[in-house]
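Heavy-atom basis, side chains included; hydrogens, waters and symmetry copies ignored. Order of the sequence lines sets the chain letters (A, B, ...), proteins ahead of strands, with each chain counted from 1.
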Amino acid sequence: MKKNKVLSATYFQQEDVVGMAKDLIGKVLVTEFEGKKTSGIIVETEAYTGINDKAAHSYDGKRTARTEVMYQPGGVSYVYLCYGIHHLFNIVTNKKDIPQAILIRALEPLEGIPVMMQRRKKVKADYSLTRGPGSVAGALGLNRNHSGLILGKAPIYVEDRGIIIPSAAICSGARIGVAYAGKDALLPYRFWAIGNPYVSK
DNA sequence: GAGTAGATCCTCT
DNA sequence: GAGGATCTACTCA
């Protein structure tokens, strides 16, 4: 019986953001809000490498009230409202003052599926429940009030449940929805588990 | 099945 | 005042 290991903040303070984005595939993201526990296996991520990355909010060291959490030490949540509708959940990584983050794009639901369906106002469970970053945050009950929370304990944490995704089953490619970033949009900073139905097309 | 438009509100200029 | 790290539904074939 494998022991579930909660990833500590120091894990997220490594310098290899892209490597961590890949490593997070197969880990389990857990939230506990209003006494309701929801969790899912991370099956798709994107790395945002901060000041060098035109697609990141923190490009060129831009520092605003919104991006301030990205400058914190790794292991902090960054939740951002996009298009007035969707919340996107990120994990801040690297050391203090280095604004890098990993966007969680898709999960495979494990626990609390009825709660997720309720939050997403769905009557039947299908693959769209946690496919896409806006859906993930919605299903887990995250909103921008949860930005800046420390990961590693309730209500938000990431567990290693011993789920091994072989490197060969992880694909990488260009990111989605960041075409405005020019050539930076083509960087292979997106990772996903091959063949998983929850991964967006 | 593929392509396109609309929703909707916070944030920065 | 404009635009965004998106999703869904609807149209057309």
Please report, to 0.1 Å, the donor-acceptor pairs under 3.5 Å made by any side chain of residues 98-105 of chain A, with sequence neighbours excluded.
residue	atom	partner	partner atom	Å
A:Gln100	OE1	A:Asn94	ND2	2.8
A:Gln100	NE2	A:Thr49	O	3.2
A:Arg105	NE	A:Glu44	OE2	3.2
A:Arg105	NH1	A:Glu46	OE2	3.1

Please report, rounded to the nearest Å, how far the [atom2] atom of [N] is from the [atom1] atom of [X].
X	N	atom1	atom2	result
A:Asp126	C:dC7	CG	P	14 Å
A:Met70	B:dT11	CE	P	15 Å
A:Glu44	C:dT6	CD	P	11 Å
A:Arg131	C:dT6	CZ	P	15 Å

Query raised in the report: In residues 84-99 of chain A, which ones come under 4.0 Å of DNA chain B, going by heavy atoms?
Result: A:Gly84, A:Ile85

Requested in this report: Can you run through DNA chain C from 5' to 3' and write each base as (, ), [, ], | or . depending on how it pairs? Watson-Crick or G-U wobble, both distances under 3.5 Å.
Outcome: ||||.|||||||.

Report task. State whether the side chain of A:Tyr48 and the backbone N or O of A:Tyr59 hold a donor-acceptor pair below 3.5 Å, judged by distance alone. Result -> no

Requested in this report: Give one of base, sugar-phosphate or nothing for A:Arg120, where a contact means two heavy atoms less than 4.0 Å apart.
Outcome: sugar-phosphate

Query raised in the report: NA contact type, A:Tyr59, heavy-atom cut-off 4.0 Å: base, sugar-phosphate, or nothing?
Result: nothing

Query - A:Tyr80 aromatic ring stacked with six-membered ring of C:dA5, 5.5 Å and 30° - result: no

**Report entry** Carboxylate-amine/guanidinium proximity below 4.0 Å for A:Arg131 and A:Asp126
**Finding:** no

Query raised in the report: So A:Asp23 and A:Tyr11, side chain to side chain donor-acceptor pair (under 3.5 Å) or not? Walk me through it.
Result: CA-CA 11 Å; A:Asp23 196 47; A:Tyr11 170 85; 2.4 Å; yes

Query raised in the report: Is there a chain of hydrophobic side chains (I, L, V, M, F, W, Y, each step under 4.5 Å between heavy atoms) that links A:Leu142 to A:Val30?
Result: no

Query raised in the report: Are A:Met116 and A:Val158 connected in the hydrophobic side-chain network, where two residues link if heavy atoms are under 4.5 Å apart?
Result: yes

